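Residue numbering restarts at 1 for every chain, and letters A, B, ... go by the order of the sequence lines. Not measured: the values here are computed from a predicted model.
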Protein chains: 2
Amino acid sequence: MPTKTVRTAKPAASAASEPTAPVAATAPRRAAERIRQTAGELFYREGIRAVGVEEIVHSAGVTKPSLYRSFPSKDELAAAYLRDFDAGFWRRFEAPAAEHPGDPRGHLLAYMEALARRAGRDGYRGCGLTNATIEYPDRNHPAHQVAAANKRALRERLTALCTAMGAADPAELADGLLLLLEGSYASSQTFGTGGPVRALVATATRLIDASLAAKPG
Amino acid sequence: MPTKTVRTAKPAASAASEPTAPVAATAPRRAAERIRQTAGELFYREGIRAVGVEEIVHSAGVTKPSLYRSFPSKDELAAAYLRDFDAGFWRRFEAPAAEHPGDPRGHLLAYMEALARRAGRDGYRGCGLTNATIEYPDRNHPAHQVAAANKRALRERLTALCTAMGAADPAELADGLLLLLEGSYASSQTFGTGGPVRALVATATRLIDASLAAKPG
DNA sequence: TGACAGTGTTACCGATCGGTACGTACCCTG
DNA sequence: CAGGGTACGTACCGATCGGTAACACTGTCA
């Protein structure tokens with residue numbers, strides 16, 4: 001019984017896996033998973049550089065060696081966080097498609113509506129991937145690479161959607177919409193509710209409609 | 001005899017102020033100024049958190065105490081850097097007004113054209129103020145406050161310009177344009193030349209024209 | 001029962017972080 | 001020449017950074 005500042009007694013909120021936990025409970029089960037989740041929350045909320053590994057392991061209720069058994073370095077942990085974020089992003093991005101089959105315009109606008117709602121909420125910190133490219137401008141950094149790959153994929157996806165909706169210049173419209181999205185991510189961190197993102201859907205709508213109406217060739 | 005890695009012998013490149021420097025030359029003249037300029041370049045290029053004070057003073061050819069005589073802390077030095085950036089921003093933003101008197105639309109589009117040109121160049125790292133809000137999400141941080149103030153002012157200035165150009169809903173148009181600007185700052189760091197910013201002017205033009213044409217009331 | 005994978009514990013590493021106490025060379029004023 | 005303020009450098013501080021070594025313990029599965 002070490003009993004040096006009872007750490008394990010604190011995280012009462014995360015009681016969801018063990019039913020009343022009768023056993024020894026020294027091992028909180030799945031250290032790597034807890035690290036990944038905790039690091040994700042901290043990295044997103046405070047920024048990657050601002051969070052030390054010590055804070056991560058403490059907050060996750062594990063120890064440093066456990067972290068380094070699962071991740072070769074903090075940089076790679078950051079990259080893992082961004083891969084998780086990437087997966088979550090695509091889930092959010094593609095989710096509205098189900099309600100708008102064969103309607104790329106509706107799909108896109110529905111995503112934007114949800115984004116505008118999310119961006120107004122407390123604790124919104126923009127896109128973790130965009131933030132990472134700013135925190136790590138070095139293109140060789142693993143975190144930067146994961147983030148950049150996501151952005152390239154998003155650009156392609158947007159172009160495909162714009163093509164599908166019959167835009168006169170799909171690439172240009174896609175880039176315009178990408179600017180709006182990135183602008184929403186960034187500006188919603190400075191302005192809280194009532195920020196520029198409130199104009200996102202209206203602006204995108206106007207832009208799409210104007211682009212569809214533009215005569216081709 | 002300390003002589004642990006001869007630092008002072010290295011910075012031979014910064015010879016630009018003293019003409020052949022016949023005198024003692026121990027003091028490179030105006031330490032505070034050199035610090036401010038060097039810190040500005042480093043902070044912008046690599047990010048504020050990524051740059052230590054040691055690197056700043058070494059790169060500026062001065063010493064740490066000199067830095068702390070002119071600036072109470074690194075955080076305040078960062079705030080000073082952002083105030084300089086703010087001044088530079090407004091210079092760039094208002095410069096095109098001279099060539100477009102009484103033409104807010106032309107003024108704004110000219111700024112965007114210049115921005116698109118700059119954003120394509122090597123070493124472009126977006127808006128230092130936006131980057132700072134991401135590096136320091138804490139609203140109480142001096143760097144965050146300077147940056148946030150700039151963004152609020154920009155939003156107001158854009159609204160004024162949109163009002164002047166007779167937009168049906170100036171606030172909405174201003175917010176849409178602000179999204180485009182912030183999106184340009186952010187995305188130009190991931191994508192080099194040929195990034196989404198190439199659509200900035202065309203998108204803004206389309207958006208402005210569509211907003212002017214919209215029937216009021 | 002025994003091997004094993006995964007974890008916690010403790011203690012530590014060198015490097016770097018932001019920041020400072022203190023001495024010194026200069027220049028301007030008397 | 002004396003004196004004092006200004007500007008600077010040398011050397012150092014404690015704290016924290018990311019990362020590691022060595023060992024004890026626990027539960028699972030064969």
[X] side chain near [Y] side chain, heavy-atom distance below 4.5 Å:
X	Y	result
B:H58	B:E55	no
B:L178	B:L154	yes
A:N131	A:R125	yes

For nucleotides 18-20 of chain D, tabulate all protein N/O to nucleotide N/O atom pairs closer than 3.5 Å, reporting atom names and distance.
from, atom 1, to, atom 2, distance (Å)
D:dG18, OP1, A:K74, NZ, 3.0
D:dG18, OP2, A:V53, N, 3.0
D:dG19, OP2, A:Y68, OH, 2.6
D:dG19, OP2, A:K74, N, 2.7
D:dG19, O5', A:Y68, OH, 3.4
D:dG19, N7, A:K64, NZ, 2.9
D:dG19, O6, A:K64, NZ, 2.3

[N] [atom2] sits how many Å from [X] [atom1], rounded?
X	N	atom1	atom2	answer
A:R30	D:dT26	CZ	C1'	14 Å
B:L67	D:dT10	CG	P	16 Å
B:R69	D:dG9	CZ	P	8 Å
A:H58	D:dT16	NE2	P	13 Å
A:F71	C:dG6	CZ	P	14 Å
B:I56	C:dT16	CD1	P	16 Å
B:L77	C:dC17	CG	C1'	15 Å

**Message:** What's A:T63 touching, base or sugar-phosphate or nothing? Going by heavy atoms closer than 4.0 Å.
**Reply:**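 Base: the residue A:T63, judged by heavy atoms under 4.0 Å, touches a nucleobase.
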Side-chain donor-acceptor contact under 3.5 Å, [X] with [Y]:
X	Y	result
B:D75	B:H141	yes
B:K151	B:T130	yes
A:T203	B:E172	no

(message) At less than 4.0 Å, is any side-chain N or O atom of A:S66 found next to OP1 or OP2 of C:dT7? Yes or no.
(response)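 The answer is no; no side-chain N or O of A:S66 sits under 4.0 Å from OP1 or OP2.
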If the plane angle is over 60° it's perpendicular, under 30° parallel, otherwise tilted; pick one for B:F89 and B:Y185.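 B:F89 vs B:Y185 ring planes: perpendicular.
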* Verify whether the ring centers belonging to B:F93 and B:H107 lie closer than 6.0 Å. =>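 Judged by ring-centre distance (under 6.0 Å), B:F93 and B:H107 do meet the cut-off.
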My understanding is that only residues two or more places apart in sequence, or in another chain, count here; which of them pass side-chain contact (heavy atoms from CB on, under 4.5 Å) with A:E41?
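Listed in chain order: A:Q37, A:R45.
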Quantify the bending of the helix from C:dT1-D:dA30 to C:dG30-D:dC1 as the angle between its end axes, each fitted on five pairs, to 10°.
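Nearest ten degrees gives 0° for this helix.
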